[in-house]
Amino acid sequence: MLFLQWLRPIWMSTITRSSVVMLVIFAWFSEAPLASMVAAITLTVLVALGLSVARMEEESQRALRERNEMAQQLDRRLNELFTLQELSYVLSESLQLDHIVDQVARYARRFLQAEGALVALLTEGGDSLRILSAEGTLASLRQKTIEDTEESLVMRAIARERLESAEESEPGSLIVEGVTVKSAAAIPLRAHGVTMGALVVADRRHGGFTSEDFQLFSTVATHAAVVLANSSFFELIRRGKEEWETTFNALTEGIAVVTADGRVSRANHALGRLLGVPTASIIGQPFGETAIGQPESARHLVDEARLGRRLTPLIARAARIDRILRLTAAPLNETGDRTSVVILIEDVTEQRKLESQVIQNEKLAAVGQLVSGVAHELNNPLTSIAGLAEFLVEHSQPGAKEREHLRIIHEQADRAGRIVRDLLTFARKGGHEKIRVNVNDVVSRTTALMQYDLRLRAIEFEHRLDPDIPAVLADPYELQQVVLNLITNASQAVADLPEGRPRIIIVTTAARADGVTISVQDSGQGIADDLLPQIFTPFFTTKEVGRGTGLGLSISYGIIESHGGQLTYALSPLGGAEFTIQLPVYENSMSVAGRIDPAMRTVLLVDDDLTVHRVVSALFASEGYVIDTVRTGSQGLKQATTTQYDLVIAEARAVAEPGLLFVRALTTVRPQYRDRLIIATDTTPMPNGDGIPTLTKPFNLRELKLVAREILRREEMAH
C-alpha cells in the first residue's frame, strides 16, 4: 500500500503515463516479447520518476526562498510599525518644538540607517530655513540658516513639494552651502496644506536608499509634520492665552466674568486689589454681594446684559471698602450663547470728588459774578450812610438819643459793609499781598485771640506745632482769617454739646512731602453725610438765623484755593469735624514788596457817585482843605493835569479813555502823582503793582482821615 501511494503521483505524472502508453502501442504492433515490454515500461517509469523528483526538489527550494523573503519583509514591516509606534509615543510626550525636532531627526536617522539627519523649518518670513536639529555627520549644521537663493537639495524639495534624493552614483549632493554628502534624501514637511520645513537624511550605511526606504521616509515625514503643526497651533494658543491673561491682569480696572446664576467665573488681579481680597477668593462667589453689597442691582445689570440691552453704567457705593464704583456690563458672546456676562468695575471715587469740586467751583464762580456785579452799587450808598452818620456825630451837637441813633446807623452801615467785603472776598476780586509766612506764627497769633473766649466756654484747647515747618507764600491776614473762621466754627460746634461731653479743639501744623498742613479738629457732632456736598456752598449754613451768613467756609475755600492749596473735610479722630488746609512750600526767599504810604494836602476826588462826593467833601472841608470832585476819569485826568493837587482819591474803575484806567493814565502823564494817589475800590485792600495804597468802600472815615494826616505829615517833612 505504501508503495502504491508512493507510485501514484509518479503515475499521475503526464510524462509517465504518455511513455507507458507509447510503449504498449509499440509493443503491440511490433509483436515484441512481453518481457521486453515490461522491461521498457519499467525503465521508462524509473526515468520519469527521477525527473519528477528533481522537479519537486526545485519547486520546494523556490517555495522556501519565497517564504524566507516574505518572512524578512514581514519582519521589516513589523519593525517599522513598532518603530513608528515608538516614535508616536515619544512625540506625544511633549508639544515643545525643540523636543519634537530632536526626536524626529534622531528616529529618522535610526529608521533609515543613515549617518546624519536634520530638521529645518521655515522662518516667519518664509524666505529661509532654520536648521533646528541635526544628528550625526550633520550635527555641525544645527542653528544654521538656509537662504531661499541657495541651490540645495533641501530648498529643491521645498520648492517642488516632493521627495528629492541623490544617490551614490550621482555627484555629491549639496545639503547647504559648502556641505555635500555621498547620498541624501530630503522631503518637505507638509500638514493641512502648509509646508513648514524639510526632513533630511544622508549617507545610508549599507548602500543607497531603496524604494522601501523612501516609503518609510515619507511616513515618518508625514507623521512628524502633523505633530509639528499641532505644536505650532499649541504654541499659538499658549501665546495667545498668555497675552490675554497678561492683558487681563494688567488692566487697572477690575474685570469679572459672571455666569447666568450671578457667580464670578473669572476675575483679574485689579478686582482683587480693589476689593482688598485675594483674586482666587472671588471665584465662585456671588458677584453682587462680593463686589458692591447690592445683589438686586447687580442681578438686574447682569440680566439686562444677557438680553443684549445697553444700559447706562451702574453707579454704586461699595460700603465694605467705602468706594464709589461704576459697573458696565456686556454679554461675553454677542453672537452666540449669552449665558455669561463680562463686567467692568471702575473706581470712580476720586472722579466723583473732582466732579463735585468742579460743580462747587462753578457755583462759586456764579455767585462771585453775582456779587461783583452788585458790590459797587451797595458800597456807594453804604459809604454815604456810614460817612454822614459819623460826620454828624463829630460835627453837630445831637442829643443823647439822636447820638445813639446815629451811632446805630453807623454801626449797622459798617456791619453791612463788612458783609459786602466778605462777599467780595468770596468772589475773589482783587489781588493779595503775599509774603513769606511761617504758619506757626499765624496759628499762634490767631489762637491767642481766641484763648479768652474758649476759656469762657470751658473748651479745652490745644495746638501742636511742628517746629521744623517750612515757610509758605501767603497773605498772612487772609490766612489768619481762614484759621480764625475754622476755630470759630469748631468752638460753636463743641459749645452746643450737652453737659458731660468733652469739648476739645486741637490745631495741628505739620510738614508733608507735598507741602504744609494746618488741621483744626473738634469733638463736636461732625457733619451729616447728606450735607457734605454743600458745606463749601455760599450761603449754606446749619446755624440758626443770626449766627452765620453761610459764607465763612466758602470764603475760606476761595482764599486757600487762591494760594494754590486745598481746604478739605474729614471725620475727626475726636468724633467731630476735621478741616485741613494744605499749602505748597514757599521756595523763594524773596517776599513781595510792602505798600507805600504817600503824603497829600489838597484833594481831587474822582468818583461817579454823588453821595461819595458829599461824604468826602464834608470830611475834608471840616479839616479846612479844598476838595474838587469829578465823576469821570477823563474829567479827572484833565483836572489833574491843569491843577496841582496834593492828593488824588480815585475810584479804581474810573476810565480816562477806552481801554486805559484813570490811575494808569495819570501816573503816566504826571509821574509825581504816583506818591499822591489813594485808590477807592469795591474789593479788599490790595497793592496794584505800582505801590499805590487802596481803601475799601464803604469808607471807614477814621481810617481815611488817618491816612490823609500821615500823608500830610510826610509831605511837610519832605519840604
Side-chain angles (χ1 to χ4, degrees), residues 357 360-361 364-365 368 418 421-450 463-490 505-521 535-536 538 551-570 578-597 681 683-696:
Q357 187 174 355
Q360 178 70 14
N361 290 340
L364 296 177
R418 287 196 302 271
R421 283 194 296 273
D422 286 345
L423 289 170
L424 290 170
T425 300
F426 156 75
R428 309 315 312 147
K429 297 298 181 181
H432 309 274
E433 183 180 6
K434 296 178 182 177
I435 61 175
R436 189 173 184 272
V437 175
N438 186 309
V439 296
N440 286 347
D441 295 339
V442 174
V443 171
S444 297
R445 289 196 304 270
T446 306
T447 54
L449 295 174
M450 297 290 295
H463 56 66
R464 303 168 181 173
L465 307 182
D466 184 352
D468 299 323
I469 200 163
V472 299
L473 181 65
D475 183 331
Y477 301 105
E478 289 193 338
L479 190 57
Q480 185 177 27
Q481 178 184 354
V482 174
V483 176
L484 184 63
N485 181 46
L486 296 179
I487 296 177
T488 300
N489 287 348
I505 297 176
I506 299 176
V507 180
T508 305
T509 64
R512 297 285 187 264
D514 55 349
V516 171
T517 63
I518 307 172
S519 66
V520 179
Q521 304 178 39
I535 59 175
F536 297 116
L551 288 172
L553 285 177
S554 299
I555 292 173
S556 300
Y557 184 93
I559 289 174
I560 298 303
E561 187 182 54
S562 70
H563 283 71
Q566 288 184 326
L567 176 60
T568 58
Y569 166 82
E578 178 179 6
F579 285 91
T580 301
I581 301 168
Q582 294 179 320
L583 293 172
V585 174
Y586 180 44
E587 299 178 354
N588 192 343
S589 61
M590 296 295 293
S591 63
V592 178
R595 296 189 181 98
I596 300 175
D597 294 325
T681 178
T683 62
T684 54
M686 53 169 281
N688 64 2
D690 292 327
I692 303 175
T694 62
L695 293 177
T696 306

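Computation of the quantities below employed the complete heavy-atom set of this structure, encompassing side-chain atoms and omitting hydrogens, waters and symmetry-equivalent molecules.
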Quiz prompt | For E578, side chain to side chain contact (heavy atoms under 4.5 Å, CB included) partners two or more places apart | solution = S519, Q521, S572, P573, T580

Self-check item: Spacing of N485 atom CG and F579 atom CZ [to the nearest 0.5 Å]
Solution: 9.0 Å

Quiz item: Do V443 and L465 have side-chain heavy atoms sitting under 4.5 Å apart?
Solution: yes

Exercise. Please determine which of V439, N438, V585 meets the side chain to side chain contact (heavy atoms under 4.5 Å, CB included) test together with P470.
Key: V585

Check: residues 505-513 side-chain donor-acceptor pairs under 3.5 Å, at least two apart:
residue: T509; atom: OG1; partner: N440; partner atom: OD1; Å: 2.7
residue: T509; atom: OG1; partner: D466; partner atom: N; Å: 3.0

Quiz item: Do I559 and Q481 come within less than 4.5 Å of each other through their side chains, counting heavy atoms only?
Solution: yes

Quiz item: V437 and V442: side-chain contact (heavy atoms from CB on, under 4.5 Å), yes or no, with the steps?
Solution: CA-CA 8 Å; V437 175; V442 174; 3.4 Å; yes

Quiz item: Nearest 0.5 Å, what's the OG1-CG distance between T517 and L583?
Solution: 9.0 Å

Practice problem: Hey, could you give me the CG/OG distance between N489 and S556, rounded to the nearest 0.5 Å? | Solution: 7.5 Å

Exercise. Test I581 against V482 for side-chain contact (heavy atoms from CB on, under 4.5 Å), laying out the working first.
Key: CA-CA 9 Å; I581 301 168; V482 174; 3.7 Å; yes

Quiz prompt | side-chain contact (heavy atoms from CB on, under 4.5 Å) between L553 and Y569, worked out | solution = CA-CA 11 Å; L553 285 177; Y569 166 82; over 6 Å; no

Self-check item: Distance (rounded to the nearest 0.5 Å) between Q480 CD and I487 CD1
Solution: 9.5 Å

Self-check item: Heavy-atom closest pair, residues V472 and P584
Solution: CG1-O, 3.5 Å

Exercise. For side-chain contact (heavy atoms from CB on, under 4.5 Å), just list the numbers for Q582 and L567, CA-CA rounded to whole Å, side-chain angles, deciding distance to a tenth of an Å, and then say yes or no.
Key: CA-CA 6 Å; Q582 294 179 320; L567 176 60; over 6 Å; no

